[in-house]
Structure formats: structure tokens, C-alpha cells
Amino acid sequence: MKKIFIVDDNDVNLMTAKLALEGKYKTFGLPSAARMFQLAEKIIPDLILLDVDMPEMDGFEAMKVIKEDKNLKDIPVIFLTGKNDAESEIKGFEMGALDFINKPFSAPVLIRRIETQIETDKLIKKSLRAVRDIHAAIINVIADLVEGRDHVTGGHIERTQDYLEILVNELLRKGVYTDEINSWDLSVLYPSAQLHDVGKINISDLILNKPGRLTPEEFEKIKTHSTIGVDIIDRIITKTDDDGFLMHAKKFAGYHHEKWDGSGYPLGLAGEEICLEGRIMAVADVYDALVSERPYKEPFSHEEAVEIIKNDSGKHFDPNIVDAFLNVKDEFLLALKKNRE
């Protein structure tokens with residue numbers, strides 16, 4: 001049953017709305033915006049009926065908070081108002097309200113307007129899922145094309161995405177970097193990591209698949225894949241309204257070879273100058289490189305890789321992320337084995 005918050009400081013309005021919706025929806029009558037936000041920490045509604053004229057925090061102020069809350073920003077909101085004021089309606093629609101219902105309202109009108117908005121919201125979400133599925137499929141194909149050119153790193157993209165998810169979950173569990181991670185849409189973050197090596201598409205096959213160690217000149221050429229990746233993603237960004245998926249992808253591509261002590265590339269950033277996405281991917285990327293076979297080396301064992309990353313804490317890697325890695329190193333091994341089965 002769909003859940004509806006009814007937010008109004010008038011007890012009569014609350015009771016009228018609850019009675020009208022009884023049996024069709026699970027309703028929560030809330031006398032203030034503050035009470036709404038308290039309940040929203042435990043229950044996420046499918047729709048909010050929000051009174052405009054309330055003391056302490058009015059509907060417009062509450063709407064601003066809703067749109068800034070990652071858990072509530074996509075919840076459809078219908079304003080309840082006793083005013084017939086075109087200016088207020090324009091302001092409400094500009095803030096993201098889907099409809100206005102004038103008070104006092106009749107039960108049939110209230111029900112019909114709610115049903116219309118819930119059905120519309122359902123269709124929109126279905127369309128967005130379809131677009132996201134297409135988006136993900138295209139990115140997956142691009143990532144496969146990039147990886148297919150590099151014959152020595154098969155499965156690397158899939159594995160690093162798994163490692164990334166393991167690390168992020170552990171950082172959240174430990175309460176480390178939670179403010180920033182909670183601001184991310186993780187359903188967008190994880191697949192965006194597939195593009196962290198997209199710049200390799202512009203590196204010569206002779207270098208990518210060289211059966212031996214690279215010369216210093218060849219290594220300098222390989223290092224350009226970070227800036228090339230950023231350039232490629234920037235070109236895509238200029239042709240789209242995307243402000244999530246591609247921005248994460250750009251950070252993964254541009255910063256996963258930076259080092260905590262400033263000795264990395266392409267910019268030589270140090271510490272928290274390096275974006276969090278880059279610092280997390282650095283651990284995932286290096287672990288996979290260590291445990292994978294290369295033309296110039298045999299794979300290190302899982303235990304050897306763990307020891308190398310541990311010893312590079314505070315040098316190559318963010319110490320907080322290394323601590324999280326050490327807590328979940330066994331999960332890394334399971335993900336590695338699963339990918340190779």
C-alpha cells in the first residue's frame with residue numbers, strides 16, 4: 001500500500017484528508033514540517049501532501065529542505081493551500097511541486113489528484129529505469145571495447161567495480177567519509193567506475209600489449225591515459241545534462257593514479273587534494289594489478305598484495321582506505337576467485 005504524508009497544522013484538515021484516503025493508502029498525519037522530517041528518517045513516503053501556510057517552517061521552506069535531501073528529493077509533492085494566489089502557485093511549481101489542491105477540498109477531488117500524480121510518477125520512474133538500462137548497456141560496451149584492446153587485463157574492469165563496492169560499504173560501516181559518500185547515488189557511482197581506464201582507447205596496441213617491461217618513454221605514453229580519459233568524458237559531458245554518472249567517471253579516470261604522498265600522476269596531487277573516488281579506486285586498481293599476471297611478471301599472491309598495500313599506507317594510499325581494505329581483504333579474495341571461475 002502506498003504511503004502518504006499529510007502535513008498540515010490544522011487538525012480538521014488532517015482528519016478530513018485521512019478519512020478521504022482511508023483504505024486506499026497508508027496515511028501519516030503530521031502537524032508540522034519538523035515532524036515530517038523526523039518521520040522521514042524512518043519511513044520514506046510515496047507522496048507528500050504539504051500545507052503551504054504553517055508556523056515555524058512553511059510549505060515553501062519545507063520544500064527547499066525536501067529538494068536538498070537525497071532520500072526525499074524525488075518524492076512527489078502536492079501543496080495544500082487555502083489561497084487562490086497565482087504567484088504562490090508559480091513559486092511552488094518552480095520549486096518542484098507537482099500540483100496544488102485548494103482547501104477545503106472534497107474527498108473525490110483529493111483522491112483523483114493523488115491517483116493521477118502517483119500514476120504519473122510511476123510512468124516517469126519506469127521511463128528513467130529504461131533510459132538508465134540503455135545508458136548502462138552502452139557504457140558496458142565501451143568498457144569492453146577498451147578492455148578488449150588490452151589483452152593482459154581481462155576482467156579488470158569488472159573486478160575493480162566489485163572491489164570498489166566492497167570498499168565503499170566498509171567505509172560506510174566504519175563511519176569514514178560518510179558525509180561525502182552519502183551524497184553520492186551509489187547506483188550511479190559503481191557502474192561509472194567502468195570508465196576509469198577509458199583513456200587507453202587512445203594508446204597504441206604496441207604499448208598496451210608489449211610482451212615485456214615498458215621503456216621510460218613508453219611508460220610516459222601510458223600515463224597519458226588518465227588525461228585522455230578526462231578529455232573523452234568531458235567531451236561527452238558537453239553534449240548531455242548528466243551531472244552524476246559522468247562526473248564520477250571523470251574523477252575515476254583522472255585521479256586513480258594519484259598518490260597520497262604527491263608522487264603520482266597526472267597532477268601530482270597529495271592527501272585529500274585527490275578526490276575520494278580516485279583514492280578509493282587507487283586501492284582497488286593496484287590490488288587487481290598485483291594479483292594479475294602481466295607479460296613482465298607473475299601474479300602476486302593475495303597475501304603478498306595485501307602486505308604491499310598495507311606497507312604503502314600513507315605513501316601511495318589514503319591510510320583510512322587502507323584500514324578499510326584490511327578489514328575486507330577476505331572479501332576482495334572472494335570477489336577475485338568468483339571473477340576467475
Side-chain angles (χ1 to χ4, degrees), residues 1-133 182-183 185-188 244:
M1 186 177 286
K2 298 288 186 182
K3 300 180 289 294
I4 297 179
F5 285 2
I6 308 165
V7 188
D8 197 313
D9 63 315
N10 186 299
D11 290 340
V12 173
N13 291 334
L14 284 179
M15 186 58 65
T16 301
K18 284 180 67 69
L19 289 173
L21 302 177
E22 193 173 42
K24 289 181 173 290
Y25 305 100
K26 185 173 179 58
T27 60
F28 300 83
L30 302 159
S32 68
R35 289 286 298 278
M36 172 183 69
F37 291 122
Q38 287 176 354
L39 183 60
E41 293 178 3
K42 302 175 183 177
I43 298 171
I44 300 298
D46 296 288
L47 183 140
I48 298 172
L49 297 177
L50 182 60
D51 185 25
V52 172
D53 300 306
M54 294 186 292
E56 297 180 16
M57 181 185 290
D58 67 25
F60 295 131
E61 293 170 325
M63 186 66 164
K64 186 175 185 296
V65 177
I66 288 170
K67 291 303 178 182
E68 292 173 350
D69 187 308
K70 71 182 185 69
N71 293 321
L72 299 176
K73 64 181 182 178
D74 295 324
I75 304 300
V77 175
I78 297 176
F79 275 128
L80 304 175
T81 180
K83 298 179 179 179
N84 189 8
D85 177 1
E87 186 177 336
S88 293
E89 289 196 13
I90 291 170
K91 179 179 179 181
F93 286 129
E94 288 177 344
M95 295 185 75
L98 296 182
D99 203 353
F100 272 77
I101 297 178
N102 290 318
K103 298 186 293 186
F105 44 76
S106 69
V109 169
L110 182 65
I111 291 170
R112 177 54 60 91
R113 302 282 273 277
I114 289 173
E115 286 176 346
T116 298
Q117 293 305 334
I118 286 179
E119 285 303 312
T120 300
D121 184 59
K122 188 189 300 182
L123 289 172
I124 290 171
K125 286 178 178 176
K126 184 177 180 180
S127 298
L128 288 174
R129 281 196 300 271
V131 170
R132 180 169 288 183
D133 288 345
N182 284 330
S183 72
D185 180 346
L186 296 181
S187 68
V188 168

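Since we're looking at a predicted model, the values are computed, not measured.
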Compare every heavy atom of [Y] with every heavy atom of [X], then report the nearest pair and how far apart it is.
{"X": "I66", "Y": "M36", "value": "CD1-CE, 3.9 Å"}
{"X": "M63", "Y": "G96", "value": "CE-C, 3.3 Å"}
{"X": "P45", "Y": "L72", "value": "CD-CD2, 4.1 Å"}
{"X": "D46", "Y": "K2", "value": "OD2-CA, 3.3 Å"}
{"X": "A20", "Y": "L110", "value": "CB-CD2, 4.1 Å"}
{"X": "L98", "Y": "P76", "value": "CD1-CB, 3.2 Å"}

Test of understanding: with side-chain contact (heavy atoms from CB on, under 4.5 Å), list the residues that count as partners of [X], not counting sequence neighbours.
{"X": "L14", "value": "I6, D8, D11"}
{"X": "P31", "value": "R35"}
{"X": "I43", "value": "K3, F5, F28, L39"}

Show every side chain to side chain donor-acceptor pair (under 3.5 Å) that has at least one partner inside [range], sequence neighbours left out.
{"range": "residues 51-60", "answer": "D51-K103"}
{"range": "residues 63-78", "answer": "K64-E68"}
{"range": "residues 109-118", "answer": "D99-R113"}

Query raised in the report: To the nearest 0.5 Å, how far apart are CG in L21 and OG1 in T16?
Result: 10.5 Å
**Report entry** Of all pairs that satisfy ring-ring contact (aromatic ring centres under 6.0 Å, His included), the ones with a partner from residues 61-99, not counting sequence neighbours
**Finding:**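 ring-ring contact (aromatic ring centres under 6.0 Å, His included) check on residues 61-99 returns F60-F79, F79-F100, F93-F100.
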Report summary line: Which of L49, V52, V7 passes side-chain contact (heavy atoms from CB on, under 4.5 Å) with L80? Answer is L49
Query - Partner set under ring pair (Phe, Tyr, Trp, His ring centres under 6.0 Å) for Y25, not counting sequence neighbours - result: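 Y25 satisfies ring pair (Phe, Tyr, Trp, His ring centres under 6.0 Å) with no other residue.
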Query - Validation row: I78, L50 side chains within 4.5 angstrom (heavy atoms) - result: no
Go through the structure and list residues passing side chain to side chain donor-acceptor pair (under 3.5 Å) with [X], not counting sequence neighbours.
{"X": "S32", "result": "none"}
{"X": "T81", "result": "none"}
{"X": "E41", "result": "none"}

